[in-house]
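So the structure is just underneath, and the comments pick up after that.
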Protein chains: 2
Amino acid sequence: MRQFLIVGHDAPTTPGFSLDDLAGGAGRLDVLCRCVNSAFFLSHSIRDDVRVHLVLGDEFTVRFEGSDLHRLNPDERSTAALIRTALEHREDAIGHMPAESTPGVSIRQMGFEATLEDVAGDATVVELHEDGDPVADVEPPTNPLFVLSDHHDFTEREASLLADAADERVRLGPEVLHADHAITVAHNYLDTDGYTTY
Amino acid sequence: MRQFLIVGHDAPTTPGFSLDDLAGGAGRLDVLCRCVNSAFFLSHSIRDDVRVHLVLGDEFTVRFEGSDLHRLNPDERSTAALIRTALEHREDAIGHMPAESTPGVSIRQMGFEATLEDVAGDATVVELHEDGDPVADVEPPTNPLFVLSDHHDFTEREASLLADAADERVRLGPEVLHADHAITVAHNYLDTDGYTTY
């Protein structure tokens, strides 16, 4: 199981946003939508061994479960619509209990700290960092959890929590990438591990 | 200079499409927009040594020139708006002469064959193919041109033209990727070349 946790600092926490303005009024929800795309899509299928956690404004976390997803399409707008539907169910999520909004998509009343704590248990937490070890030098974990930020840097508190939880600190290359591109590179790195000829 | 040529088989050839329906009525223009994103964006800058050629319905080619781009944003909708503006200038493109529609974006009356012939001259043409050599075994070219297709396979004629033009036939990994993800992986491969520690 590969997991990706992405923090959306400006992301909406209510469903009253327009699908026509994802990069503006919807707090750069386009970034999170592309992360979902990169996490799940292969050319002719969906990666069903993947789980994505989108932290919205440190209030809610929307989870996408690859094995249960039926209505995911690659474009930003339709993924944003799934997130909006999840936010319409936010009051059904009580305590840390999830509410499923569409197949494979659920919402929880959990911010970054609670989600990280909840998810990190069974996973190898991978922090992507400019000063990390080159990914080619690191033994690929079996159950990695990659923790990423949207277009903003992590806050000091988030960075501190992540540093405490991280099992590995990795760099994907000499360039600093958008979160969705980092997910694509991480997948490719894990896909090609062990394949001298593939 | 890294170049990417992407064939949009169903892409619009007139500007009368809605930005609200990129994945439907606009012939999967969302795919091409994500390819532009993957080709140009780094975390805090644009790759200015990149050129992208989008073939629209085998009639027009829209070119994005990294060194001249001023108005590119990462989301699909705003990139689609740039393509639509280019199509509004399609009648200003006479013969094979380009018409610039916005800074760094121009349109040409050229389909796949003419564009490939025009661009391939100074470049190492790289065909991405399931039966290609693993990318890790290939010496990275200095001036690669990666030729990709949208959500459809290449037509027989396109595949034949590409096979004739290709200098290398490469596979990026064991999984078959979306075109935009392939661009991200290709960049990472080229970025990390020669960096044992980066």
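Below, read A as the first sequence line, B as the second, and so on, with proteins coming before strands; counting in each chain starts at 1. In what follows, every heavy atom counts, from backbone to side chain, and hydrogens, waters and symmetry copies are set aside.
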Checking A:N188 against chain B: side chain, backbone, both or neither under 4.5 Å from a heavy atom?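 Side chain only.
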Pick whichever of A:L177, A:V185, A:D20 has the most heavy-atom pairs under 4.5 Å with chain B.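 Looking at each option in turn, the highest pair count goes to A:D20.
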Counting only heavy atoms closer than 4.5 Å, note whether B:N37 contacts chain A via side chain, backbone, both or neither.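 Backbone plus side chain of B:N37, per the 4.5 Å heavy-atom cut-off to chain A.
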For B:L42, is it the side chain, the backbone, both, or neither that has a heavy atom closer than 4.5 Å to a heavy atom of chain A?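 Answer is both: backbone and side chain atoms of B:L42 are under 4.5 Å from chain A.
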Pairs meeting criterion ring-ring contact (aromatic ring centres under 6.0 Å, His included) with involvement of residues 22-49 of chain A, two or more places apart: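 Matches after skipping sequence neighbours: A:F41-B:H178.
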Below 4.5 Å, heavy-atom pairs only: which of B:H151, B:R34, B:R47 has the largest tally toward chain A?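 Option with the top pair count is B:R34.
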Tell me, out of B:V176, B:D30, B:I183, who's got the most heavy-atom pairs with chain A below 4.5 Å.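 The residue among B:V176, B:D30, B:I183 with the greatest pair count is B:V176.
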Can you confirm whether more than 12 heavy atoms, excluding those of A:D122, are under 6.0 Å from its CG atom?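 Open: at most 12 neighbouring heavy atoms sit under 6.0 Å from CG of A:D122.
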What pairs with B:F154 under ring pair (Phe, Tyr, Trp, His ring centres under 6.0 Å), at least two apart in sequence or on another chain?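 Ring pair (Phe, Tyr, Trp, His ring centres under 6.0 Å) list for B:F154, sorted by chain: empty.
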Decide ring-ring contact (aromatic ring centres under 6.0 Å, His included) for A:H187 and A:F146; before the verdict, give the C-alpha distance in whole Å, the side-chain angles of both, and the deciding distance to 0.1 Å. CA-CA 10 Å; A:H187 266 319; A:F146 293 89; 8.1 Å; no
Report the C-alpha distance between A:V55 and A:H9 in whole Å, list the side-chain angles of each, state the deciding distance to 0.1 Å, and finish with yes or no for side-chain contact (heavy atoms from CB on, under 4.5 Å). CA-CA 8 Å; A:V55 177; A:H9 292 93; over 6 Å; no
